[in-house]
2 protein chains.
Amino acid sequence: MTSLSIGRLARATDVKVPTIRFYEQIGLLPEPERTQSDRRLYGEADVRRLAFIKHARQLGFAVEAIRSLLALADDPDRPCAEANALAAEQLAVVETKIERLQALRHELRRMARADCDGRAGDCRVIEALGDHSLCADDHDRPATPGALGAL
Amino acid sequence: MTSLSIGRLARATDVKVPTIRFYEQIGLLPEPERTQSDRRLYGEADVRRLAFIKHARQLGFAVEAIRSLLALADDPDRPCAEANALAAEQLAVVETKIERLQALRHELRRMARADCDGRAGDCRVIEALGDHSLCADDHDRPATPGALGAL
DNA sequence: CTTGATCCTCTAGCGGCTAGAGGATGCAGG
DNA sequence: CCTGCATCCTCTAGCCGCTAGAGGATCAAG
């Protein structure tokens with residue numbers, strides 16, 4: 001059975017060493033065995049689990065959601081409805097963000113197109129920022145709290 | 001000349017009171033006058049400045065970028081090339097995020113479509129998370145650091 | 001035996017707020 | 001004038017998901 005140092009696990013999964021320790025600290029990864037000199041030792045299962053976590057993070061799942069997904073993955077007899085719900089929820093989050101960003105893109109494009117080259121006093125960009133009424137888009141609508149936040 | 005309490009300014013601009021104090025603390029808003037009993041007093045210029053900040057934040061500009069934009073807005077004789085550059089940069093950031101989110105959406109849709117209803121052991125969602133090779137999308141490409149982070 | 005890479009723990013910082021403690025005012029109704 | 005509640009003040013700590021650095025121990029190669 002193979003066993004990996006934390007550095008090797010990091011390279012194997014493309015996750016940084018401090019991040020691995022962080023995941024252990026918050027309980028996403030189990031506490032691994034240790035060598036006599038207290039160094040962490042990982043096995044194949046850890047590689048799989050960390051890859052799972054990494055992939056879920058890339059898809060934008062919050063750590064708490066990943067915790068739930070891991071619990072499901074750990075216990076194959078539990079019903080997977082929860083997993084479907086989490087995926088659907090995450091999909092909705094992503095779709096909301098896309099819409100929102102598209103509105104911002106539209107607005108930024110209008111600003112960037114102006115591309116004035118004189119004094120700041122006449123700058124369209126600055127003017128557009130100062131005068132919201134110049135905006136066509138409703139990017140000031142309530143939106144989900146945090147829609148502007150993390151992915 | 002009108003003068004507003006922090007609460008009124010908050011209502012006028014739809015920015016929360018603690019956020020206004022925060023903006024003052026980090027130097028986006030100037031320290032306002034105070035009443036005898038140490039309460040902040042704002043004027044029209046503050047309303048405009050805060051609206052500017054709010055709008056820029058809605059468009060996803062980082063605080064540091066807003067600082068630069070405000071400096072430009074404060075000094076109309078400076079050339080506005082910097083403002084154009086910041087807008088273009090922000091547009092690029094937003095476009096990158098949109099692309100990335102679209103890839104995630106694609107992947108999440110595939111996952112959600114599976115919509116299995118049995119045991120977690122057979123769950124497509126969990127399976128998809130565990131086995132990255134099932135992914136068509138290249139959402140694991142390097143990407144800008146922080147592309148997954150704040151808007 | 002030395003060098004340099006890797007590992008350990010611990011604490012602090014990032015951005016952009018948000019929440020809460022603990023207290024001082026201000027303002028309206030009775 | 002008093003009560004009561006809204007608003008204000010400062011200050012500190014927390015959120016998320018890491019990331020960076022101090023200060024030291026250990027390992028593997030030459």
Side-chain angles (χ1 to χ4, degrees), chain A residues 3-29 31-42 46 50 53-67 69-70 90 93 97 143-151, chain B residues 3-29 31-42 46 50 53-68 70 90 93 97 143-151:
Chain A
S3 65
L4 310 172
S5 70
I6 195 169
R8 283 183 176 285
L9 176 61
R11 262 164 263 140
T13 54
D14 198 28
V15 171
K16 288 179 191 153
V17 167
T19 304
I20 296 174
R21 287 195 275 246
F22 172 73
Y23 287 159
E24 177 185 329
Q25 196 189 310
I26 62 172
L28 287 191
L29 288 176
E31 293 189 19
E33 293 180 70
R34 300 279 187 140
T35 66
Q36 286 193 327
S37 61
D38 227 30
R39 295 181 173 213
R40 289 168 177 83
L41 275 185
Y42 296 96
D46 297 301
L50 184 51
I53 294 168
K54 191 199 175 194
H55 193 186
R57 285 294 301 138
Q58 284 176 335
L59 289 169
F61 285 91
V63 162
E64 284 317 302
I66 297 176
R67 208 185 291 280
L69 291 167
L70 282 168
Q90 182 57 24
V93 166
K97 286 186 182 173
T144 339
L148 282 164
L151 172 75
Chain B
S3 67
L4 309 172
S5 71
I6 195 170
R8 281 182 177 285
L9 176 62
R11 262 164 264 141
T13 54
D14 199 26
V15 172
K16 288 176 191 158
V17 168
T19 304
I20 295 174
R21 287 195 275 246
F22 173 73
Y23 286 158
E24 177 184 330
Q25 195 189 311
I26 63 174
L28 286 191
L29 288 175
E31 294 188 20
E33 295 180 68
R34 300 277 187 140
T35 68
Q36 287 195 327
S37 62
D38 229 30
R39 297 184 170 209
R40 290 167 176 85
L41 275 186
Y42 297 95
D46 297 302
L50 184 50
I53 295 169
K54 191 198 176 193
H55 194 187
R57 286 293 303 137
Q58 282 174 337
L59 289 168
F61 286 91
V63 162
E64 284 316 302
I66 296 176
R67 210 185 290 281
S68 307
L70 282 168
Q90 181 56 24
V93 166
K97 286 188 182 171
T144 339
L148 282 164
L151 172 76

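Atoms considered below: every heavy atom in the structure, side chains included; atoms not considered: hydrogens, waters and symmetry mates. Every chain is numbered from 1 and lettered A, B, ... according to where its sequence line falls, protein lines coming before strand lines.
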Please give, in whole Å, the distance from [N] [atom2] to [X] [atom1]?
| X | N | atom1 | atom2 | value |
| --- | --- | --- | --- | --- |
| E24(B) | dC17(C) | CD | P | 15 Å |
| L28(A) | dC16(D) | CG | P | 13 Å |
| E33(B) | dC8(D) | CD | P | 17 Å |
| L9(B) | dT7(D) | CG | P | 15 Å |
| R11(A) | dT6(C) | CZ | C1' | 9 Å |
| K54(B) | dG16(C) | NZ | C1' | 16 Å |
| L4(B) | dG26(C) | CG | C1' | 17 Å |
| R67(B) | dG15(C) | CZ | C1' | 12 Å |

Side-chain N or O of [X] versus OP1/OP2 of [N]: is the shortest distance under 4.0 Å?
| X | N | answer |
| --- | --- | --- |
| R40(A) | dT9(C) | yes |
| S37(B) | dC9(D) | no |
| Y23(A) | dG17(D) | no |
| R21(A) | dC8(C) | yes |
| T19(A) | dT19(D) | yes |
| R39(B) | dT25(C) | no |

How far apart are the closest heavy atoms of [X] and [Y], and which atoms are they?
| X | Y | result |
| --- | --- | --- |
| V17(A) | G7(A) | CG2-CA, 4.0 Å |
| R67(A) | I26(A) | NH1-O, 2.7 Å |
| T13(A) | L9(A) | OG1-O, 2.7 Å |

Worksheet item: If you round to the nearest 0.5 Å, how far is CD1 of I66(B) from CG of L28(B)?
Response: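 So the gap between those two atoms works out to 6.5 Å.
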Worksheet item: Hey, does I6(B) reach any base, or is it just sugar-phosphate, or nothing, if we go heavy atoms under 4.0 Å?
Response: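 Answer is sugar-phosphate: I6(B) comes under 4.0 Å of backbone atoms only.
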Selection from [options] that lies nearest to any side-chain heavy atom of [X]:
| X | options | value |
| --- | --- | --- |
| F22(B) | dG16(C), dG26(C), dT19(D) | dG16(C) |
| R57(B) | dC17(C), dT18(C), dT7(D) | dC17(C) |
| S5(B) | dG16(C), dC8(C), dC8(D) | dC8(D) |

Worksheet entry | Note: E24(A)-R21(A) ion pair, threshold 4.0 Å (strictly below) |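 Salt bridge: no.
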Worksheet item: Taking for each residue the nucleotide of DNA chain D bearing the nearest heavy atom, is the 5' side occupied by Q36(A) or by D38(B)?
Response: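 Here D38(B) is the residue nearer the 5' end.
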